[in-house]
Amino acid sequence: MAAEWGYSPTNGPDVWARLFPQAGGARQSPVDICTSIASSDSNLEMKKLTFAYESQSDLRILNTGHGWKVEAPQSGSRLEGGPLGEDIYQLEQFHCHWGETSAEGSEHTVDGRAYAGELHLVHWNTTKYQSFAEAAQHPDGLAVLGVFFDVGNESNDEIEKIVSTLSEIKFKGQFTDIPDVIDPTTFLPSGLGYWTYLGSLTTPPCNECVIWIVYKEPITVTEEQVTYH
Ligand SMILES: NS(=O)(=O)c1c2ccccc2cc2ccccc12
Ligand SMILES: [Zn+2]
């Protein structure tokens with residue numbers, strides 16, 4: 001039977017390494033981003049991080065049991081520059097992490113502070129690898145853009161297109177199609193400053209294959225948009 005991992009004391013992050021060896025590695029995610037020790041890198045400013053996405057409709061959304069995931073393979077998308085060297089990365093999926101209350105939920109923290117949620121746009125290195133699965137086996141295989149959610153009075157229209165479908169997928173493994181057109185560009189904050197580090201998948205098997213790019217500026221969503229149960 002596949003090992004059931006979770007977040008309880010008996011199957012949570014502290015014991016993942018017993019079942020998933022990479023979880024005991026040296027570049028595990030998520031991390032607490034300590035702004036006082038984060039250093040700026042002039043090379044990153046020279047090679048500006050650029051992205052280009054397509055708008056897509058009828059994307060499939062899945063209840064993963066730990067949140068929602070939208071499968072969005074986009075052969076026409078490109079993420080490049082910044083910490084990605086000369087390679088081009090293509091969007092594969094995006095998903096969200098949120099908590100029981102809006103005081104918690106993000107995977108990364110900043111100086112010990114958690115945000116209400118965190119959106120991850122997952123990309124894979126199409127310059128070097130032939131598939132997402134192959135890329136996930138290599139230290140430069142994946143690039144994930146992380147965007148923090150702050151709770152405010154303004155709802156985010158693009159996020160609303162997604163969370164409005166969640167009532168149809170209340171249980172793990174259920175999926176449905178999102179009728180609206182989704183443009184991933186609209187998920188990104190206007191301020192494009194970011195932190196970057198070499199890390200891993202944040203859930204088992206915790207492959208150490210992710211170049212993390214976490215935007216400093218959160219986007220605003222409403223309490224209802226990130227505390228869906
Ligand atoms: N948080 S994560 O971006 O590392 C992540 C996942 C997180 C939760 C559920 C499924 C996930 C699948 C991933 C696949 C590739 C890269 C990150 C992934
Ligand atoms: Zn994630």
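The figures here come from the full heavy-atom set of this structure, side chains too, leaving out hydrogens, waters and symmetry mates. Because the structure is a prediction, the values reported are computed rather than measured. Ligands are counted one by one from 1 in listed order, and the atoms in each one are counted from 1 as well. Count residues from 1 along the sequence.
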I'd like to check which ligand 1 atoms, numbered from 1 as shown, lie under 4.0 Å from a non-hydrogen atom of [X].
| X | result |
| --- | --- |
| E107 | 1 (N) |
| L142 | 15 (C), 16 (C) |
| V122 | 15 (C), 16 (C) |
| Q93 | 12 (C), 13 (C), 14 (C) |
| W212 | 3 (O), 4 (O) |

Give the ring-plane orientation class for [X] versus [Y], where under 30° counts as parallel, over 60° as perpendicular and anything between as tilted.
| X | Y | result |
| --- | --- | --- |
| H123 | Y53 | tilted |
| H120 | H95 | perpendicular |
| Y197 | H108 | perpendicular |

Q. Which protein non-hydrogen atom lies closest to atom 7 (C) of ligand 1, naming both residue and atom, and how far is it?
A. H95 NE2, 3.5 Å
**Q.** Nearest-neighbour protein heavy atom for atom 16 (C) of ligand 1, which is reported as residue plus atom name and distance
**A.** L201 CD2, 3.1 Å
Q | Proximity flag H97 to ligand 1, non-hydrogen atoms under 4.0 Å | A | yes
(Q) Does the residue T203 have a heavy-atom contact with ligand 1, meaning some pair of atoms that are separated by less than 4.0 Å? (A) yes
Q. Just by distance, do the side chain of S106 and the backbone of T109 share a donor-acceptor pair under 3.5 Å?
A. no
**Q.** For the student: nearest non-hydrogen atoms of P184 and L91, plus distance
**A.** CG-CD2, 3.9 Å
Restricting to N, O or S atoms, which atom of [X] is closest to the Zn ion (ligand 2)?
| X | answer |
| --- | --- |
| H95 | NE2 |
| H120 | ND1 |
| H97 | NE2 |

Q | pair S155-V221: side-chain heavy atoms closer than 4.5 Å | A | no
Is the [atom1] atom of [X] crowded by more than 12 outside heavy atoms at less than 6.0 Å?
| X | atom1 | result |
| --- | --- | --- |
| Y7 | OH | yes |
| D58 | CG | yes |
| E217 | CD | yes |

Q) Looking only at heavy atoms, is any part of F132 under 4.0 Å from ligand 1, and if so is it the side chain, the backbone, or both, or is it neither? A) side chain
Q. T202 to ligand 1: N or O pair under 3.5 Å?
A. yes
